[in-house]
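One structure is given here, and the rest of the page talks about it.
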Amino acid sequence: MTPGPIPTVEVSGIPEPLPEGLGVLDVREDVEWAHGHIPAATHIPLMQVPARLDEVPQGQTLVVCKVGARSAQAVAYLVAQGHDVVNLHGGMVEWAAAGRPMVSETGAPPRVV
């Protein structure tokens, strides 16, 4: 049995501000997260997702990485685990390009690295 397509959404398809109850899971590495991420997102690097499944937001969740490849892997895994998740096409690169809100942990203005 071949898996179906990865549920994916474009930045333009995401309401601003984010709807109440929509979780955000960022699967990038620590250094990427520190430089800029979506406010209130949950951070679990991709390789840690299986071990930290209990930390994945419940309910509908937007999964992001830098360009959408790692988050697509996470979405495929999480869908198989029964989670209601969708991949952000173009990732944080597209999010930032669309001027969507970001915060930084570095003290510098947020940016995608």
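Counting begins at 1 with the first residue of the sequence. We use all heavy atoms of the structure for the numbers below, so side chains are in, but hydrogens, waters and symmetry mates are not.
Proximity of Val56 to Thr42: side-chain heavy atoms (C-beta onward) are nowhere separated by under 4.5 Å. In this structure the side chain of Met47 never reaches within 4.5 angstrom of the side chain of Pro45, judged on heavy atoms. Side-chain contact between Ile14 and Leu88 is present, with at least one heavy-atom pair separated by less than 4.5 Å. Side-chain contact between Ile38 and Arg100 is absent, with no heavy-atom pair separated by less than 4.5 Å. With contacts defined as side-chain heavy-atom distances shorter than 4.5 Å, the pair Val103/Pro110 does not qualify.
Val85 and Val49 fall within the same hydrophobic cluster, defined by Ile, Leu, Val, Met, Phe, Trp and Tyr side-chain heavy atoms under 4.5 Å apart, directly or through other members. If you chain together hydrophobic residues whose side chains sit under 4.5 Å apart, Val113 and Val27 never meet in one group.
Using modelled atom types, no side-chain atom of Asn87 and backbone atom of Ile6 make a donor-acceptor pair closer than 3.5 Å. In this structure a side-chain-to-backbone donor-acceptor pair under 3.5 Å is missing from Thr106 to Ser104.
In this view, Arg52 and Gln48, Glu55 satisfy the side chain to side chain donor-acceptor pair (under 3.5 Å) rule, not counting sequence neighbours. Residues passing the side chain to side chain contact (heavy atoms under 4.5 Å, CB included) test with Pro19 are Pro15, Leu22, sequence neighbours excluded.
Every pair passing ring pair (Phe, Tyr, Trp, His ring centres under 6.0 Å) that includes a residue from residues 11-36 is listed here, sequence neighbours excluded: Trp33-His37, Trp33-His43. Screening residues 80-105 for ring pair (Phe, Tyr, Trp, His ring centres under 6.0 Å) gives no qualifying pairs among residues at least two apart or on separate chains.
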Sequence neighbours excluded and cut-off under 3.5 Å, please list the side-chain donor-acceptor pairs for residues 59-67, or say none.
| residue | atom | partner | partner atom | Å |
| --- | --- | --- | --- | --- |
| Thr61 | OG1 | Pro57 | O | 3.4 |
| Thr61 | OG1 | Gly59 | O | 3.1 |

Residues 72-80, side-chain donor-acceptor partners within the protein, below 3.5 Å, at least two apart:
none

>> Could you walk me through whether Met92 and Met102 satisfy the side-chain contact (heavy atoms from CB on, under 4.5 Å) test, starting with their C-alpha distance in whole Å, then the side-chain angles of each, then the deciding distance to 0.1 Å, before giving a yes or no?
In response: CA-CA 9 Å; Met92 290 301 296; Met102 290 174 52; 4.0 Å; yes

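Heavy atoms only, all atoms of each residue included: Gly36 and Arg28 are closest at O-NH2, 2.6 Å.
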